[in-house]
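Contents: one structure, followed by commentary.
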Protein chains: 2
Amino acid sequence: MKRSQARPTPSQLERPILSVDVVLLHADRAKLHALLLRRTEQPFLGALALPGVAVRVDETLEFAARRALVTKTGLAADHAAGLHLEQVATFDALFRDPRGRTVTVAHMALSAARLPIEPGSAGAWIELSRIPRGSLPFDHDEILQTTLSRLRGKLRYTNIAARLLGDTFRLEELQSVYEAILGRTLNRSNFRTKLLKIGLIERAGVMAGSTGAQGGRPPHLFRFTRQDVAAEDREFV
Amino acid sequence: MKRSQARPTPSQLERPILSVDVVLLHADRAKLHALLLRRTEQPFLGALALPGVAVRVDETLEFAARRALVTKTGLAADHAAGLHLEQVATFDALFRDPRGRTVTVAHMALSAARLPIEPGSAGAWIELSRIPRGSLPFDHDEILQTTLSRLRGKLRYTNIAARLLGDTFRLEELQSVYEAILGRTLNRSNFRTKLLKIGLIERAGVMAGSTGAQGGRPPHLFRFTRQDVAAEDREFV
DNA sequence: GCAAAAGTGTTACCACTACACCCATGC
DNA sequence: GCATGGGTGTAGTGGTAACACTTTTGC
């Protein structure tokens, strides 16, 4: 940390810029969507990218991440304040940003609702399957994949799915979220039995009326038993 | 990323310093040891702390982490180059360093051997139970705990323990490493059966002669089947 | 009554745990 | 031969996966 007495070389005084990038996810009709930003400047003008900002000296990474969502995508500040936000990993490849050395701390944000984006802004919700590998600028493909991998991991032993759904939900909705993230189908009967047995979710009344067009038995509503994101003793999916 | 046209305020131009801190771990006689550094300057002069350096503009985080080990603790450069090194998390509390805003990327390094520290240097191997909570400066306690938690997690579903042992080892040694990290005893018979059944380890001959002072059956030697750190399908401890 | 959606039960299988017992060596 | 460390087997238990079946609604 102490600078040497001799005249410092440029590489000893120049420092990497620190930034944050945010992957905001939302589950809509059994599909995962990410909030992307259409770039309005070079490089990668016009491309869809993750929202991000340089970190200021007087703010935390979490603060910077929420600031990125608000200022870059037109998300309402109070909406951004309520999002689940957690650090994923730090990306540091030397030439990841052609403008200069920037190290970025990737964050995962989860939203229970498809939050409204300010129409004039550059933000847009994009379904994940419509983001081909290699289509995002910088190293944002890698950041997205790492984030999804992290989400997949935490889904197996935490109640993090609660952050992607409203207070109450049908079991079929919950299962859809799990299936969308895990990328495989789950057995309906076993899914219900297990999640109830380990006490991850509990009943919250019955939904009024049916859901489908052709009728069908009205579903129960459920809620997560814990409001905070907590780890279970063992994996359960 | 684009600077505003108006005259920038200090907080818009000042940036956090980026650093790395390294938790180098080694398993010795069923105990985990960490490489710590006795500080030779303020603040926290004389205290034991994690090795760390500020990141230069032209180096990766991994490079900086190895540089920290070599320059701060007197570890041989070729030894440092062979260590398993992975990113853990980024720590960003506003006042974590009294000298100024510094964001640090914590790294976990694992060594198969108790690497020799240069005698004149400030480095020392300290057994983890001899590092009381709250005894490390800065937020290094939190960094250490987070690193151990990560190691504990990866132990459950990867072969990362291979990085803490030599090429071949007795099963009892391996079990000791697992027990030291998990903080609980494991059943010898089941441990052996499971690790062999899932193919995590394989036999590598029989050790010549006995180990104990009072005799005993000569143990088999084992090795990990995979040399790279890879995830299993399911947790196994 | 029929189709659709949701809820429940059953069974076979597999994995995990705990424990006991057997084997090979030094002294 | 006995203590010690290492290797192997097994029975009981509990969780999981696959599947069939029942309930409740709309039309």
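Naming: A, B, ... by sequence-line order, numbering from 1 per chain. These numbers were taken from a predicted model, which means no experiment stands behind them.
In this structure A:R226 satisfies the salt bridge (Lys or Arg N to Asp or Glu O under 4.0 Å) test together with A:D228, sequence neighbours excluded. With sequence neighbours excluded, no residue satisfies salt bridge (Lys or Arg N to Asp or Glu O under 4.0 Å) with B:E232. Applying the side-chain hydrogen bond (donor to acceptor under 3.5 Å, both in side chains) criterion to A:R188, with sequence neighbours excluded, gives no partner residue. A search for salt bridge (Lys or Arg N to Asp or Glu O under 4.0 Å) contacts involving A:R192 returns nothing, not counting sequence neighbours. Applying the salt bridge (Lys or Arg N to Asp or Glu O under 4.0 Å) rule to A:E179 yields no partners; only residues at least two apart in sequence or on another chain are considered. With sequence neighbours excluded, no residue forms a ring pair (Phe, Tyr, Trp, His ring centres under 6.0 Å) with A:H107. Listed by chain and residue number, nothing satisfies the side-chain hydrogen bond (donor to acceptor under 3.5 Å, both in side chains) test with B:S111 (two or more places apart in sequence, or in another chain).
The stretch residues 171-181 of chain A has no heavy atom under 4.0 Å from DNA chain D, so no residue of it qualifies as close. Residues from residues 183-191 of chain A placing a heavy atom under 4.0 Å of any atom in DNA chain D, listed by number, are A:N187, A:S189, A:N190.
Listed pair A:H220 / C:dG7 meets the phosphate criterion, a side-chain N or O lying under 4.0 Å from OP1 or OP2. The side chain of A:R217 contributes no N or O atom lying less than 4.0 Å from OP1 or OP2 of C:dA4. Between B:R192 and D:dG6, a side-chain N or O to OP1/OP2 separation shorter than 4.0 Å is absent.
We find that NZ of A:K197 is positioned 16 Å from C1' of C:dT8, with the value rounded to whole Å. If you measure from atom CG of A:L195 to atom P of C:dG7, you get 13 Å, rounded to the nearest angstrom. Atom CD in B:E232 sits about 16 Å away from atom C1' in C:dA15, given to the nearest Å. Separating the CD1 atom of A:I201 from the P atom of C:dA6 is a distance of 14 Å, rounded to the nearest angstrom. Rounding to whole angstrom units, CG of residue A:L196 and C1' of C:dA6 are separated by 13 Å. For the pair B:I198 CD1 and C:dA15 P, the interatomic distance rounds to 11 Å; values are reported in whole Å.
Contacts of B:R203 with the nucleic acid, taken as non-hydrogen atoms under 4.0 Å apart, involve only primed sugar atoms and P, OP1 or OP2.
When side chains are defined from C-beta on, B:L151 counts as touching B:L110, because their heavy atoms get closer than 4.5 Å.
Counted within 6.0 Å of CZ on B:F236, heavy atoms from surrounding residues, nucleotides or ligands total more than 12; the atom is thus considered enclosed.
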